Amino acid sequence: MNAKIYGVTELNNRIKTLLDSDAELAAVFVRGELSNYKIYPSGHHYFTLKDQEGTLRAVMFKREASKLRFRPENGMKVIAFGRVTVFPRDGQYQLYCAELSPDGIGELHIAFEQLRDKLYKEGLFDKDKKKPLPKYPERIAVITSPAGAAVRDIIRVLGKRYPCAKVIILPVRVQGAEAPPEIVGAIRYANKYKVADLIITGRGGGSIEDLWAFNDERVARAIFESEIPVISAVGHEPDVTIADYVADLRAATPSNAAELAVPDSAELRETLLSMQIRAVQALNRMIAQRRDRLMTLAEKRVMKSPLNYIEDRRLLLDHLQKHFVSAAQRTIAVKKERFVKLAAALDAMSPLKVLGRGYSLAQKTDGTVIKTAADVQCGEMIDLRLSSGALKCEVKERFEA
Amino acid sequence: MKEEMTFEMAMARLEEIVKLLERGDAPLDTSLKLFEEGTMLIRRCGEYLDKAEQKVVKLMKSETGEPIELPFEAGEN
């Protein structure tokens, strides 16, 4: 017999390899009862899962343990999820627990995760599918139980913040088998009759079973298909439902949904006031600018004292008139002077002046000036003009030159 | 609010008017008209907000399927 002899570590590693190669053991759900639950100072949780016959050691590291939504206690029935592997130092296999949930709702949890993954893959949670909420909703449909605290909280907060919005309650059951079809019906009805411009649907906090209607696929699809934007408001802060993922906006609580749904009318009044102030200031500025421009114009003399302006103009006119008159007079004087000179020159050339020196001018009776003796006949009458007076003479004799 | 003008439209118009006025390049008479319109809208929006009484109704389906509004008492069953 030639059997292989392993070292301890070697064998442990071999077993580890074997376990690690099993895909099912890498992601396994296991149901059991908690025992020997210990939280170490490191923050890691160590416990044993057991049933009637067997036990399984398990560890949950600090990071995963911090996400626990309940307080694990010994004796509690749970469903743990994780991978099984070997810790070679101890030669012990154990469950490295990633998630732990109380049993009974364990199946619901699994269903939840599966539906969430399915709808996520279908794109029902896509950001770009989210419809914008109306800024100032006028009619808000509230789809919830008419009896719960949720409806009272929503009405109270809406009334306080924005009483001008009308609240339209569509009463539905929010738990039990009838709840999902009623919620779906109300969402579709609100859309069909366009009863509102915003829908809030949800309920107050409760156990996972209580909230289950909001993890229903039909409800999720109705929310997705709603033309009217939907705010989901289910339970308390840490409760997240499928409805929350698919809604256009998720509110942590019903009160929070009402806060997110409407603006605060006190703030709006402030906004209106500030707009009024801005408008007045803008107009004042505009008027001031125009007044400044007017003042600049008014500084001019014509606007400041129109009579003075007219007086100025009149003085100018007088001045121009005087100037014109004297210019005209000067022109006349110059012309007169030239005329006198010309007249003197003309006078010097006048034949009368020649006669004045003792000459006389002989003319025929027709006025023709006689220049040669041949111009006249003997016996012809001629006129003789002297410097002073004239003579009528008869030609007695001609002496040709 | 004018029948055809929602609060949202009025608020949007108001924003626009204030911006136009603040830009200050419109003629004065246009600006005065804008200012008047703005003041009217502010008053109307204010009145809308001051409608203090919150209306809460319960919607029921009539026999023909049409919605009927009923008074809603908080805490009713």
Side-chain angles (χ1 to χ4, degrees), chain A residues 134-143 145-149 151-156 158-171 185-186 189-190 192-197 263-266 268-269 271-287 289-290, chain B residues 1 6-39 41-62 65-77:
Chain A
K135 236 173 147 179
Y136 309 104
E138 293 181 8
R139 295 166 307 153
I140 300 168
V142 180
I143 298 174
S145 160
V151 75
R152 283 202 304 276
D153 288 348
I154 290 171
I155 292 171
R156 180 177 47 78
L158 288 179
K160 204 172 106 196
R161 277 175 70 83
Y162 200 67
C164 35
K166 184 172 173 181
V167 184
I168 299 156
I169 313 289
L170 280 79
Y189 190 77
K192 184 177 175 194
Y193 289 100
K194 297 187 173 22
V195 303
D197 41 25
D264 182 357
S265 48
L268 276 176
R269 275 194 205 91
T271 307
L272 284 175
L273 183 65
S274 90
M275 283 203 277
Q276 175 84 76
I277 290 167
R278 279 165 64 195
V280 168
Q281 281 172 343
L283 201 67
N284 279 343
R285 219 163 28 238
M286 213 175 291
I287 290 168
Q289 272 166 10
R290 279 158 176 79
Chain B
M1 221 60 44
T6 63
F7 184 76
E8 180 160 4
M9 284 156 76
M11 289 297 283
R13 176 68 184 146
L14 258 177
E15 297 273 0
E16 187 185 26
I17 287 172
V18 172
K19 276 188 191 126
L20 281 172
L21 285 175
E22 285 183 336
R23 211 162 58 199
D25 51 8
L28 193 61
D29 58 341
T30 311
S31 299
L32 281 168
K33 283 203 187 86
L34 284 173
F35 181 80
E36 256 175 47
E37 188 190 345
T39 307
L41 286 174
I42 287 168
R43 204 189 59 233
R44 288 187 173 192
C45 288
E47 284 168 5
Y48 178 76
L49 291 178
D50 288 338
K51 266 201 302 184
E53 206 165 332
Q54 183 192 30
K55 259 199 211 151
V56 183
V57 299
K58 183 169 72 173
L59 212 64
M60 300 307 278
K61 207 191 275 191
S62 74
E66 304 284 319
I68 315 172
E69 288 181 4
L70 299 174
F72 177 80
E73 302 298 333
E76 70 176 68
N77 276 291

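Because only heavy atoms are used, hydrogens play no part in the values below, and waters and symmetry mates are left out as well, while side chains stay in. Please read these numbers as outputs of a predicted model, since none were measured by experiment. Labels below follow one simple rule: chain letters A, B, ... track the order of the sequence lines, proteins then strands, and each chain is numbered from 1.
- Between Leu20(B) and Thr30(B) there is no side-chain heavy-atom pair separated by less than 4.5 Å.
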Please evaluate residues Glu37(B) and Arg13(B) with respect to the criterion salt bridge (Lys or Arg N to Asp or Glu O under 4.0 Å), reporting the C-alpha separation (whole Å), side-chain torsions for both, the decisive distance (0.1 Å), and the verdict. CA-CA 9 Å; Glu37(B) 188 190 345; Arg13(B) 176 68 184 146; 2.8 Å; yes
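- Thr6(B) places a side-chain N or O within donor-acceptor distance of the main-chain N or O of Met9(B), the cut-off being under 3.5 Å.
- By the 4.5 Å heavy-atom criterion applied to side chains, Val195(A) and Leu59(B) are counted as neighbours.
- Interface summary for chain A: among Arg23(B), Lys19(B), Met11(B), the most heavy-atom pairs under 4.5 angstrom belong to Met11(B).
- With a threshold of 4.5 angstrom between heavy atoms, Leu283(A) approaches chain B through side-chain atoms but not through N, CA, C or O.
- The contact between Arg285(A) and chain B is made entirely by side chain atoms (from C-beta outward), counting heavy-atom distances below 4.5 Å.
- Of the listed residues (Ser31(B), Ala26(B), Pro67(B)), the greatest number of heavy-atom pairs within a distance under 4.5 Å of chain A belongs to Pro67(B).
- Gln54(B) places no side-chain N or O within 3.5 Å of a backbone atom of Lys166(A) that could act as its donor or acceptor partner.
- Considering only heavy atoms from C-beta on, Phe35(B) stays 4.5 Å or farther from Ile17(B) through its side chain.
- Interface residue Arg290(A): only side-chain heavy atoms are found under 4.5 Å from chain B.
- The candidate from Lys135(A), Arg269(A), Glu138(A) with the greatest count of non-hydrogen atom pairs under 4.5 Å with chain B is Arg269(A).
- Not a single side chain to side chain donor-acceptor pair (under 3.5 Å) links Gln281(A) to another residue, sequence neighbours left out.
- Using a 4.5 Å cut-off between heavy atoms, Ile140(A) does not touch chain B at all.
- Most heavy-atom pairs under 4.5 Å with chain B: of the set Pro171(A), Ala190(A), Ala186(A), this distinction falls to Pro171(A).
- In terms of heavy-atom pairs under 4.5 angstrom with chain A, the leader among Met60(B), Glu69(B), Glu66(B) is Glu66(B).
- Neither the backbone nor the side chain of Val142(A) comes within less than 4.5 Å of any heavy atom of chain B.
- Of the listed residues (Ala282(A), Ala266(A), Ser265(A)), the one with the most heavy-atom contacts under 4.5 Å to chain B is Ala282(A).
- Taking each heavy atom of Phe7(B) and Cys45(B) in turn, the nearest pair found is CE1-CB, 3.6 Å.
- Scanning both residues, Tyr136(A) and Glu8(B), for their nearest heavy atoms gives CD1-CA, 3.5 Å.
- Interface remark: of the candidates Arg139(A), Lys192(A), Arg156(A), Gln276(A), Gln276(A) forms the most heavy-atom pairs closer than 4.5 Å to chain B.
- Residue Ala149(A) does not touch chain B at all, counting heavy-atom pairs closer than 4.5 Å.
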